[in-house]
Every structure is written in structure tokens, then in C-alpha cells.
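Just below is one structure, and these are the notes that go with it.
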Amino acid sequence: MKNIIFLSVFSLLFAIKANAQTQAELIQQAKTLIGALNETEAYPILVKAIKLNNTNLEALTMASFYANKEGNRQLNNKKRNDYFQASKIFAEAALKQYPSEAEANYVMGVALGRMALIASSKEKIKLSKEIKLLGEKCIQLNPNHAGG
């Protein structure tokens, strides 16, 4: 009887551990999905990775970038705007923690660019100036950055 209880507890603990993925595993899983052109499936995995550690530059910038792409696919304006807003939140977090990283500046510029699509004319002008500064900083930090 003790052996059965022990095996049951061991099996339960093993099952819980098997389902618990590290942030690095989640990011790698998202990259694999992106490589297989399953970006829609990758985005929630990146969000899950951020929930494990909201200071990881790679997770924040990837989540911001793919939230933007997913928002751009939406036909429903509310869903589209929600994705754009999420993208901006992830980009702000990345830029706040890593202001000297080209990728953080780049995704913030992309996020603001998407926000400009739904902004008033006056707001578009303001955002365009911010986007220009972010692009320049991205290039200054990494002259070979493809997006910058």
C-alpha cells in the first residue's frame, strides 16, 4: 500500500514538473513556432514567458513585435487596438529596463507606429517625431540593425 501511495505522489510530482516550462524553453518554443510560420500560436507562449520573468529583454521585445503583427491581422477594431496596446506595454517595459538596447528602441518605434495608425492627426504628428528619435537611437546603438 505504501508503494502505491509513493508511486502516485511521485507520478503526480513528475507530471507537474513536466508541465512547468522554464522561460528559456517557452521562448525557444515560440521561436520554433515562428520559424514554422505559426506566429499566432507563438504570441501567447511569449506572454506566458513574460509572466515567469518580466525583465527578459528577448521575451519582451518578441512579445511586443508579435503582438503588433497579430493586431495587424485583426479585422475587429477592438481586438486590433487591444493587440497594439499590448505591444506598446511590452515595448515600454523593454525600453524602461534596457534603454541602451537597439531592439528595445526598435520595438517601441514599431509599437508607436501602429498606434499612429489609429490616432488623430495631431497625435500622428507627435508620434512620428518620437518614432524618428527611436529609429535614430536604434541605429546609433546598432548601425547594422535591420529594422532600425
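The figures here come from the full heavy-atom set of this structure, side chains too, leaving out hydrogens, waters and symmetry mates. Along the sequence shown, residues carry numbers from 1.
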OG1-CG distance between Thr40 and Leu37, expressed to the nearest 0.5 angstrom: 10.5 Å

CD1 on Ile89 to CD on Glu92, rounded to 0.5 Å: 7.0 Å

Flag side-chain contact, heavy atom, 4.5 Å: Leu60 against Ile50: yes

From Leu117 atom CG to Asn72 atom CG, the distance as rounded to the nearest 0.5 Å: 7.0 Å

Shortest non-hydrogen separation from Lys137 to Pro99 and the atoms involved: NZ-O, 3.3 Å

For Ser87 against Asn68, the heavy-atom pair lying closest together: OG-ND2, 2.6 Å

Contact summary for Gly147 and His145, nearest pair of heavy atoms: N-ND1, 3.2 Å

CG-OG distance between Leu127 and Ser120, expressed to the nearest 0.5 angstrom: 8.5 Å

In one Ile/Leu/Val/Met/Phe/Trp/Tyr side-chain cluster, 4.5 Å: Leu133, Val107: no

Nearest-0.5 Å distance that lies between atom CD1 in Ile27 and atom OG1 in Thr32: 12.0 Å

Side chain Gln23, main chain Asn53, donor-acceptor under 3.5 Å: yes

Single-linkage hydrophobic cluster, 4.5 Å side-chain cutoff, Met108 and Tyr98 together: no

Cluster check Met115, Leu95: I/L/V/M/F/W/Y, side chain < 4.5 angstrom: yes

Note, Glu58 side chain near Lys31 side chain (heavy atom, < 4.5 Å): yes

Main-chain N/O of Ala59 paired with Asn56 side-chain donor or acceptor, under 3.5 Å: yes

Over 12 foreign heavy atoms within 6.0 Å of NZ, Lys124: yes

SB check Glu136 Lys132 (cutoff 4.0 Å): yes

Residues Glu25 and Gln29: side-chain donor-acceptor under 3.5 angstrom: no

Closest heavy-atom pair and its distance - Leu112, Lys88: CD2-CE, 4.0 Å

Worked check of side chain to side chain contact (heavy atoms under 4.5 Å, CB included) between Gln74 and Asp82: CA-CA 10 Å; Gln74 301 301 311; Asp82 288 346; over 6 Å; no

Where Ala111 and Ala91 come nearest, the two heavy atoms and their spacing: CB-CB, 4.2 Å

Qualifying residue for ring pair (Phe, Tyr, Trp, His ring centres under 6.0 Å) with Tyr43, from Tyr66, Phe65, Tyr83: Tyr83

Leu134-Phe84 co-clustered via ILVMFWY side chain contacts under 4.5 Å: yes

Asn105 side chain near Gln140 side chain, heavy-atom distance below 4.5 Å: no

Residue pair Arg73 / Lys69, side-chain heavy-atom distance below 4.5 Å: yes

Backbone N/O of Asn54 and side chain of Gln97: donor-acceptor pair under 3.5 Å: yes

Distance-minimising heavy-atom pair for Asn76 and Lys79: OD1-N, 2.9 Å

Gap between atom OG1 of Thr61 and atom CD of Glu101 - 0.5 Å precision: 9.0 Å

Transitive ILVMFWY side-chain link Val110 to Met62, under 4.5 Å: yes

